[in-house]
2 protein chains.
Amino acid sequence: MTTPLRLGIAGLGTVGVGVLKLLTTHAERLKERSGRDIVISAVSARSKNKDRGVSLDEYTWEDDPVSLASRSDVDVIVELIGGEDGPAKALVEAALENGKHVVTANKALLAMSGQPLAERAEAAGLSLRFEAAVAGGIPCIKVLTEGLAGNEIDRVIGVMNGTCNYILTRMEAEGLPYEEVFAEADKLGYLEADPTLDVGGIDAGHKLALLSSIAFGTQVDFDGIAIEGIERIEIADIRHAADMGFKIKLLGVAKLTGRGLEQRMSPCLVPKGSPLGQLQGATNMVIFEGDASGQIVLRGAGAGEGPTASAVLSDIVDIARGYRVPTFGQPADTLRAARPAIAAAPAPFYLRMTLLDKPGALAKIATVLGDCGISIDRMRQMAHADRLAPVLIVTHKTTRTALDEAVSAMEATGVLQGTPVALRIEVI
Amino acid sequence: MTTPLRLGIAGLGTVGVGVLKLLTTHAERLKERSGRDIVISAVSARSKNKDRGVSLDEYTWEDDPVSLASRSDVDVIVELIGGEDGPAKALVEAALENGKHVVTANKALLAMSGQPLAERAEAAGLSLRFEAAVAGGIPCIKVLTEGLAGNEIDRVIGVMNGTCNYILTRMEAEGLPYEEVFAEADKLGYLEADPTLDVGGIDAGHKLALLSSIAFGTQVDFDGIAIEGIERIEIADIRHAADMGFKIKLLGVAKLTGRGLEQRMSPCLVPKGSPLGQLQGATNMVIFEGDASGQIVLRGAGAGEGPTASAVLSDIVDIARGYRVPTFGQPADTLRAARPAIAAAPAPFYLRMTLLDKPGALAKIATVLGDCGISIDRMRQMAHADRLAPVLIVTHKTTRTALDEAVSAMEATGVLQGTPVALRIEVI
């Protein structure tokens with residue numbers, strides 16, 4: 001009989017409680033599957049007495065989560081506190097220091113400190129796993145690291161922030177403005193404490209950085225991602241996109257080319273009927289394109305108690321079964337430093353801007369585009385009551401560099417109010 | 001430095017050649033990922049001199065595949081011969097006998113002999129892995145066995161025979177009759193040597209049986225599947241379905257209830273806009289519904305050199321990394337014997353039949369349905385030139401048992417020509 005695997009769990013919010021429940025209700029099945037008992041030795045959270053709907057009586061309580069790491073009755077630290085530093089980081093470091101495996105749902109921590117933490121774990125022969133950090137219940141880390149290990153990965157694509165997708169699909173379905181749906185999402189508790197993490201594309205960017213590292217064998221490089229949030233998307237954009245057969249999604253794309261590692265996280269137009277276009281609400285989608293496997297599409301709940309707990313359990317069962325896979329799929333000291341590159345592949349772009357109603361204004365904009373070598377597929381000036389004319393332009397294929405130049409030049413003409421909204425049209 | 005993992009590969013058809021190519025072209029990446037060299041010691045196939053577009057010069061050749069199993073320079077047998085017995089089975093048995101791990105793409109062998117083979121492998125402390133046997137490049141075995149190990153699985157759903165889906169989507173797109181598209185598929189080499197394996201639903205049934213075992217902790221029970229093929233689907237059925245907003249797919253569904261293990265593989269109507277309804281050509285889709293994870297949808301190429309080789313490599317890399325997971329996700333001797341049960345959940349059904357043009361014929365059919373407690377949602381008798389009238393009926397929700405009774409009773413009335421086509425309408 002093998003010995004039980006003993007956990008110390010830090011953080012008893014939604015996910016932590018979900019993990020406790022699964023470990024309790026599924027104890028027998030988990031034992032059958034992993035070949036040993038999985039037990040909880042000790043737990044820690046901010047408040048001991050909060051009613052969580054589960055009993056903590058059987059577990060030792062630690063006020064300080066970091067103390068879990070020095071307990072001799074703990075083999076694995078399950079870090080569900082969150083945050084890129086503070087107690088979460090201190091706990092993970094202490095755990096690796098003290099010979100404990102780590103399972104975490106903390107994308108921010110790994111996106112910022114994944115490289116040194118992975119090196120430390122591997123030097124000590126320990127597992128540092130993070131299935132729950134990316135795309136909730138979808139086992140996309142496992143699929144990429146193990147299921148597609150025989151491939152060179154050509155591209156990673158993902159809609160990985162459920163809150164943004166909820167906001168965008170609800171704006172469309174109800175015809176509500178961004179601000180109103182944002183307030184609604186806030187009230188429902190869908191937003192992070194700092195909401196720019198969600199709507200600013202940062203949370204999804206953390207996830208993309210982790211996938212890139214595994215896919216391309218590069219060191220996690222969050223700072224190398226060209227990030228744009230959904231804050232400037234208006235209901236008008238969603239409607240224009242729909243008229244042309246598209247939906248707007250906060251889309252992450254990563255690709256390694258001879259020029260370097262391209263990583264971008266930004267709102268894009270995708271065909272309405274495509275799998276990405278059909279994603280509703282908080283559902284996530286992750287797509288891996290392997291040179292042998294072809295396109296593998298994964299869809300599932302991106303957050304929530306059950307799905308995230310399911311991902312945490314997957315890592316715990318792997319450790320119980322004795323798997324030891326390097327954090328990013330190959331030894332951390334073999335990961336190459338990523339050289340960030342701007343996406344070079346040309347694409348059509350959607351542009352929306354507000355023109356001051358001056359003679360020759362539209363001509364000036366058209367001239368700027370021509371000067372930057374960008375040709376126009378269609379252009380439409382809306383009817384307007386005041387002196388501000390909304391203008392919509394769809395370009396033929398062009399590069400992001402040319403487009404950014406054009407946008408700067410347009411602003412310099414003095415005929416625009418504000419900055420144009422520029423969205424890539426992605427045909428996947 | 002760890003020692004290399006040494007393979008003996010049997011079967012050098014499309015998949016075998018794909019595996020050779022990946023091992024050669026991706027040798028460096030594979031080494032980074034698995035921490036050791038993966039090398040081929042020996043190969044075997046029917047003909048040594050056939051031009052396969054790859055050189056075999058570096059590998060020892062064995063005329064008899066079973067001889068690979070006794071070579072001291074082989075750690076893992078990669079069985080890509082196929083077939084539920086014969087040399088494939090002899091090789092796998094010999095491999096386990098001689099202490100070699102086995103990686104196979106052979107769904108028929110595992111669907112028929114998975115239980116004793118898994119027991120043997122586990123008794124000897126060996127891996128017997130089969131990612132490539134189900135849904136080509138989609139790592140669905142890994143997702144189910146490991147990624148969802150923390151869940152009770154409520155239901156498994158899949159479109160897992162690319163050939164059938166190719167035939168059905170092509171019939172619809174081109175308006176061609178079944179026979180013609182079947183002949184076309186045959187010419188393209190899409191069909192198994194015995195085509196009833198494909199169009200009869202047997203190949204897809206083998207795959208479902210394997211997924212059921214892992215999902216529910218039951219012994220593989222291929223004979224317990226209610227199997228129906230696509231041979232009787234006519235272009236008229238596809239058109240009627242389309243008129244009502246549905247597509248016809250060869251759909252596998254498995255579920256464990258208090259009554260037993262429900263497994264069915266049969267053509268069904270699914271909503272046009274659903275992920276299943278949108279599957280085109282040879283693409284496969286596998287859906288797992290976990291009690292914690294919720295619905296996880298996986299989509300990818302179901303066959304072909306690259307995708308299947310990618311799946312084989314996933315198993316090989318796992319073995320190289322030292323993973324040892326029981327074949328069906330828990331020790332084979334803990335798998336429970338499955339008690340087959342007929343699907344009890346009621347559903348609407350689509351019925352097409354040919355009525356002899358006799359007075360009162362339609363009334364007789366309607367009466368039979370009423371007598372069996374089945375109420376009619378809609379009914380349509382087509383215009384007809386001869387004395388045979390095609391009739392289309394969509395029922396309200398009813399059970400398969402009631403429906404089968406009704407179909408028998410209808411046939412007994414003597415007003416039908418042939419047997420009605422009855423397809424379940426599945427809203428997933």
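Convention: sequence-line order gives letters A, B, ...; per-chain numbering from 1.
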*Among B:Leu148, B:Val325, B:Leu313, who wins on heavy-atom pairs under 4.5 Å with chain A?*
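Counting heavy-atom pairs under 4.5 Å, the top option is B:Val325.
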Side chain from CB out, backbone as N, CA, C, O: work out which of these in [X] comes under 4.5 Å of a heavy atom of chain B, or both, or neither.
X	value
A:Leu22	side chain
A:Asn151	both
A:Ser34	neither
A:Ala149	both
A:Val19	neither
A:Glu32	both
A:Arg29	side chain
A:Gln278	side chain
A:Asp291	side chain

*Any residue of residues 295-304 of chain A which, by heavy atoms, sits under 4.5 Å from chain B*: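 Listed by number, the contacting residues are A:Gln295, A:Ile296, A:Val297, A:Leu298, A:Arg299, A:Gly300, A:Ala301.
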*Can you tell if the side chain of A:Lys142 reaches within under 4.5 Å of the side chain of B:Val143, non-hydrogen atoms only?*
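Result no, sub-4.5 Å side-chain heavy-atom pair not found.
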*asked:* Let's test your reading of the structure: which of A:Arg324, A:Glu146, A:Met285 forms the most heavy-atom pairs below 4.5 Å with chain B?
replied: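 Most heavy-atom pairs under 4.5 Å with chain B: A:Glu146.
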*What is the minimum heavy-atom distance between A:Arg33 and B:Ile214, and which atoms define it?*
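So the minimum-distance heavy-atom pair works out to NH2-O, 4.4 Å.
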*Under 4.5 Å from a heavy atom of chain A, the part of B:Glu152 involved*: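 Contact with chain A involves both backbone and side-chain atoms of B:Glu152.
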_What part of B:Thr145 gets within 4.5 angstrom of chain A, counting heavy atoms only: side chain, backbone, both, or neither?_
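The answer is both parts of B:Thr145.
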*asked:* A:Phe246: which residues meet the ring pair (Phe, Tyr, Trp, His ring centres under 6.0 Å) condition with it, sequence neighbours left out?
replied: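 With neighbours one apart ignored, the set is empty.
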_Which residue in the set B:Ser314, B:Pro139, B:Ser310 passes side chain to side chain contact (heavy atoms under 4.5 Å, CB included) when paired with A:Ser293?_
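Answer to the side chain to side chain contact (heavy atoms under 4.5 Å, CB included) test with A:Ser293 among B:Ser314, B:Pro139, B:Ser310: B:Ser310.
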